[in-house]
Amino acid sequence: MIVKQEELDALKRAVEDRFGQVLSTPHDFANLSGQLIEAGNPLAVSTLKRQWGYVDGYNTVRPSTLNSLARYVGCRDWQEFCDTLTDDDSSDFVMGDVVAMSTLAMGDRVEVRWKPGRRIVVQYLGQGRMRVLESERSKLKVGDTFSCAGMVNGERLVLTQVERVGSDQAQTYVCGKHGGIIARRL
């Protein structure tokens, strides 16, 4: 089986998106292996480490490994995953409800919810910046500030220039990686 590196890289990114973080420690690989076992797609920790280049090993990948990882990200098998990469649906016009920053006035509040059970309430500060006023089951904390262009219901929300309370390093944060967000003005 010929596996293109860009397809394999795309699969690894999709696995990390589903897993919720970049795989970078032995603990991460053990947790992913456990999730794969629970989902009925068992892969050994050592196999995962080799595929991610965490340890040296074989330069080939088995079809069964590709199929297991593809099923983990919601595809029937490796071939279906590769087919999704060639689908021309990676760009489209937004069809959902949008909370555009240009429609907000200073002090306006917006509630954002996403799975599983996460919720924040933010206040518009002007110039595309917002401050977190309430936070439930989110890594964002009260007082954190961020920028975003708009909030589209049913889509991921990418927050840029996130300034966290007690930190001096700006970060990027994604809400609703799996299933998107629901945003509404309060």
Full working for side-chain contact (heavy atoms from CB on, under 4.5 Å) between Leu36 and Leu48
CA-CA 11 Å; Leu36 288 163; Leu48 295 170; 4.0 Å; yes
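- Scanning all heavy atoms of the two residues, the minimum distance from Arg131 to Leu125 falls at NH1-CD2, 3.4 Å.
- Across all their heavy atoms, Gly143 and Val165 have their closest contact at C-CG2, 3.6 Å.
- A cation-pi arrangement, defined by a distance under 6.0 Å to the six-membered ring centre and an angle within 45 degrees of its axis, is absent between Arg129 and Tyr124.
- Side-chain contact between Phe81 and Val73 is present, with at least one heavy-atom pair separated by less than 4.5 Å.
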Could you walk me through whether Val110 and Val121 pass the side-chain contact (heavy atoms from CB on, under 4.5 Å) check?
CA-CA 6 Å; Val110 178; Val121 174; over 6 Å; no
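- A donor-acceptor pair is defined here as one N or O able to donate and one able to accept, closer than 3.5 Å; such a pair exists between the side chain of Ser33 and the backbone of Leu43.
- For the atom pair SG of Cys175 and NZ of Lys139, the computed distance is 11.0 Å after rounding to the nearest 0.5 Å.
- Between Val99 and Leu104, the closest side-chain pair of non-hydrogen atoms falls below 4.5 Å.
- Between the NZ atom of Lys115 and the CZ atom of Arg137 there is a distance of 13.0 Å, given to the nearest 0.5 Å.
- When side chains are defined from C-beta on, Trp78 counts as touching Val3, because their heavy atoms get closer than 4.5 Å.
- Taking 4.5 Å as the limit, some side-chain heavy atom of Leu66 sits within range of a side-chain heavy atom of Leu11.
- Placement of Val158 and Val22 in two distinct hydrophobic clusters is found when ILVMFWY residues are connected by side-chain heavy-atom separations under 4.5 Å, directly or transitively.
- Among all heavy-atom pairs drawn from Ser147 and Gln161, the shortest one is OG-OE1, 3.2 Å.
- When atom types are taken as modelled, the side chain of Glu16 and the backbone of Leu23 share a donor-acceptor pair closer than 3.5 angstrom.
- Around atom CD of Glu6, more than 12 heavy atoms belonging to other residues, nucleotides or ligands sit under 6.0 Å away.
- For the atom pair CG (Leu140) and CG (Leu159), the distance works out to 6.0 Å, reported to the nearest 0.5 Å.
- Side-chain contact check for Asn31 and Gln35: no donor-acceptor pair (N or O, by modelled atom type) lies under 3.5 Å.
- Between Phe29 and Tyr54, the angle of the ring planes lies from 30° to 60°, which puts this pair in the tilted group.
- Checked by atom type and distance alone, the side chain of Lys12 pairs as donor or acceptor with a backbone atom of Gln51 at under 3.5 Å.
- Distance CZ/Arg185 to CE/Met151: 11.0 Å, rounded to 0.5 Å.
- The side chain to side chain contact (heavy atoms under 4.5 Å, CB included) check on Ala105 picks up Asp108, with sequence neighbours excluded.
- Checking each of Arg118, Arg119, Arg113 against Glu136 for a side chain to side chain donor-acceptor pair (under 3.5 Å) leaves exactly one that passes, namely Arg119.
- Counting heavy atoms from C-beta outward, Arg18 and His178 have side chains that approach closer than 4.5 Å.
- Annotation: the span from Ile181 atom CD1 to Trp114 atom CH2 amounts to 8.5 Å, rounded to 0.5 Å.
- No side-chain heavy atom of Val174 sits less than 4.5 Å from a side-chain heavy atom of Leu157.
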Could you please spell out the steps behind the side-chain contact (heavy atoms from CB on, under 4.5 Å) verdict for Ile120 and Glu111?
CA-CA 6 Å; Ile120 57 173; Glu111 177 186 61; over 6 Å; no
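- Tracing side-chain contacts under 4.5 Å through hydrophobic residues (I, L, V, M, F, W, Y), one never reaches Val132 starting from Ile182; they form parts of separate clusters.
- For the pair Asp28 and Gln21, the minimum side-chain heavy-atom distance is below 4.5 Å.
- In terms of the salt bridge (charged side-chain N to carboxylate O under 4.0 Å, His left out) criterion, Arg71 has no residue partners (sequence neighbours excluded).
- The two residues Ser135 and Ser138 have their closest heavy-atom pair at OG-CB, 3.5 Å.
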From CA spacing to verdict: side-chain contact (heavy atoms from CB on, under 4.5 Å), Trp52, Val15
CA-CA 11 Å; Trp52 263 260; Val15 167; 3.8 Å; yes
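- Between Ser64 and Asn67, the side chains place no donor N or O within less than 3.5 Å of an acceptor N or O (distance only, hydrogens not considered).
- Across Glu134 and Val142, no two heavy atoms sit closer than the pair CA-CG2, 4.0 Å.
- Separating the CZ atom in Arg164 from the CD atom in Gln169 is a distance of 11.0 Å, to the nearest 0.5 Å.
- Aromatic ring centroids of Tyr173 and Phe146 lie 6.0 Å or more apart.
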